[in-house]
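In what follows, every chain begins at residue 1, and chains take the letters A, B, ... in the order their sequences are listed.
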There are 2 protein chains.
Amino acid sequence: MAVLGALSIAPMTGYAVREQIRETLGHFWSESFGQIYPALAEFERLAMIERLDTGDSRSSPFAITDQGTARLRELLAGEPQQPKPRNGLMLRLFFGRQLGPEACRELVLSARAQAESQLAHMQDARNDLAKDTDLDDDAPYILLTISAGEHGATASIAWADEALRAIESLAAQKAQPRPHATFTEERP
Amino acid sequence: MAVLGALSIAPMTGYAVREQIRETLGHFWSESFGQIYPALAEFERLAMIERLDTGDSRSSPFAITDQGTARLRELLAGEPQQPKPRNGLMLRLFFGRQLGPEACRELVLSARAQAESQLAHMQDARNDLAKDTDLDDDAPYILLTISAGEHGATASIAWADEALRAIESLAAQKAQPRPHATFTEERP
DNA sequence: CTCGCCATGTAAAGGGTTACATGATTCT
DNA sequence: AGAATCATGTAACCCTTTACATGGCGAG
């Protein structure tokens with residue numbers, strides 16, 4: 001789906017397909033050469049894509065055919081099955097007691113930094129999209145995904161800040177565990 | 001890591017490990033029997049866990065040993081590598097032009113419903129956690145993950161609402177495409 | 001008694017990444 | 001000339017899920 005989709009935006013080589021997916025879909029999707037080249041071969045066999053004959057010797061990009069577009073629409077129309085979640089950060093925090101507050105703090109800080117960088121990347125993408133007039137037709141849809149990235153990153157940052165406060169109060173509590181609270185309470 | 005972590009909270013059978021992971025970590029992690037039982041066998045071989053001898057014939061839960069706890073800490077301390085993202089919803093929206101506004105609207109609506117249900121689930125988890133006094137030590141850390149789930153779900157809902165407005169204006173624009181704009185402009 | 005759940009496993013198949021091999025072209 | 005990048009592939013390996021096989025036990 002990703003490969004056909006990439007070719008539906010512009011003809012390109014397999015190498016370029018991967019670059020495009022990395023650059024524009026990097027936060028939502030990824031494909032490796034081991035997937036892309038066999039897929040291209042299969043699609044060509046099924047006449048869903050065809051090699052363009054440019055005068056250029058070194059590059060012969062693929063273009064999507066009508067059959068390919070039809071197949072892409074079919075695939076897009078299928079139910080999106082979300083893969084089993086595997087969030088290493090959350091797994092570690094869940095068992096954070098074994099790790100201790102300091103290590104957890106590091107984890108959250110690093111997650112915050114990542115979210116911050118994702119946010120910046122999304123804003124770059126927004127600017128690039130505005131400039132690229134070739135993408136006018138796709139732009140409204142691509143904007144939806146950029147907006148999702150922004151919302152997600154912003155939420156991560158807000159969560160991280162909240163979590164950092166919680167962890168600090170946790171560490172403080174541990175270092176100085178309610179000095180004689182029960183005793184003072186018992187004093188009349 | 002997930003299996004040792006589960007056993008670090010309480011001794012339980014392999015079956016129960018899976019139930020626990022599904023119920024409490026479901027939004028962040030998942031394991032199948034095909035992973036859990038071989039892992040348990042290996043851990044037992046390495047003396048990281050041991051079978052408890054309850055009088056009960058049908059259930060002999062595993063308990064984590066000191067070596068197991070040490071290994072768990074080692075694993076938790078490792079860098080969390082986030083897996084390659086695979087977000088079917090975003091992939092579809094990115095190529096949404098091929099799908100059309102209506103289908104995209106359905107996708108976003110369904111995502112919104114999912115986020116709504118996740119939010120409810122997180123609030124349940126919060127309540128359950130407050131009740132369960134066995135988890136007092138782990139609770140502060142578990143709360144971090146619950147909070148992350150809430151932030152994420154809330155962000156998804158906000159994004160979905162924004163996206164729905166964008167899609168509607170897109171559909172309206174398509175249905176009624178600027179009637180004769182260029183002609184009227186050219187008239188003196 | 002039978003159905004469904006608890007419980008334990010295993011083998012096959014699928015999906016995917018990594019690493020390697022190869023060569024042309026372009027840049028320095 | 002040498003390094004980096006573009007470009008295409010492939011094979012091994014790894015992780016994981018799925019499906020099946022098996023059996024004890026409790027409830028209706």
Take the protein atom CD of A:Glu44 and the nucleotide atom P of D:dT8, then report the distance between them rounded to whole Å. 11 Å
Residues which pass salt bridge (charged side-chain N to carboxylate O under 4.0 Å, His left out) with A:Arg22, listed by chain and number, not counting sequence neighbours: none
Name each donor-acceptor pair under 3.5 Å that joins a side chain in residues 134-145 of chain B to protein atoms two or more places apart or in another chain, with its distance.
unit_1   : atom_1 : unit_2   : atom_2 : d
B:Asp138 : OD1    : A:Arg97  : NH1    : 3.4
B:Asp138 : OD2    : A:Arg97  : NH1    : 2.9
B:Thr145 : OG1    : B:Ile142 : O      : 2.7

Residues passing the side-chain hydrogen bond (donor to acceptor under 3.5 Å, both in side chains) test with B:Arg45, sequence neighbours excluded, are B:Glu42
Under 4.0 Å protein heavy-atom contacts per nucleotide of nucleotides 6-19 of chain C, with B for base, S for backbone only and - for none: BBBBB-----BBB-
Mind checking what makes side-chain contact (heavy atoms from CB on, under 4.5 Å) contact with B:His121, not counting sequence neighbours? B:His27
Give a yes or no on whether the backbone of A:Pro61 and the side-chain of A:Thr13 come within a donor-acceptor separation of less than 3.5 Å. no
Protein-nucleotides 21-23 of chain D N/O pairs under 3.5 Å:
none

Take the C1' atoms of the five end pairs on each side of the helix from C:dC1-D:dG28 to C:dT28-D:dA1, get both axes, and report the angle to 10 degrees. 30°
Measure from CD1 on A:Ile49 to C1' on D:dT8 and round the result to the nearest Å. 13 Å
Please name all residues satisfying side-chain contact (heavy atoms from CB on, under 4.5 Å) with B:Gln98, sequence neighbours left out, ordered by chain then number. A:Ser8, A:Thr69, A:Leu72, A:Arg73, A:Leu76
Going by the rule side-chain hydrogen bond (donor to acceptor under 3.5 Å, both in side chains), which residues pair with A:Glu74 if we only count those two or more places apart in sequence or in a different chain? A:Arg71
Electrostatic pair B:Arg126-B:Glu150, nearest N-O below 4.0 angstrom: yes
May I have the distance from A:Gln20 (atom CD) to D:dC6 (atom C1'), rounded to whole angstrom? 14 Å
A:Glu168: side-chain contact (heavy atoms from CB on, under 4.5 Å) partners, not counting sequence neighbours: A:Arg105
Starting from C1' on D:dA7, measure out to CZ on A:Arg22 and report it in whole angstrom. 15 Å
The criterion is side-chain contact (heavy atoms from CB on, under 4.5 Å); which residues satisfy it with A:Ala63, sequence neighbours excluded? A:Pro11, A:Leu52
Qualifying residues under salt bridge (charged side-chain N to carboxylate O under 4.0 Å, His left out), relative to B:Asp161, sequence neighbours excluded: B:Arg112
Between D:dT5 (C1') and A:Arg18 (CZ): distance, integer Å: 13 Å
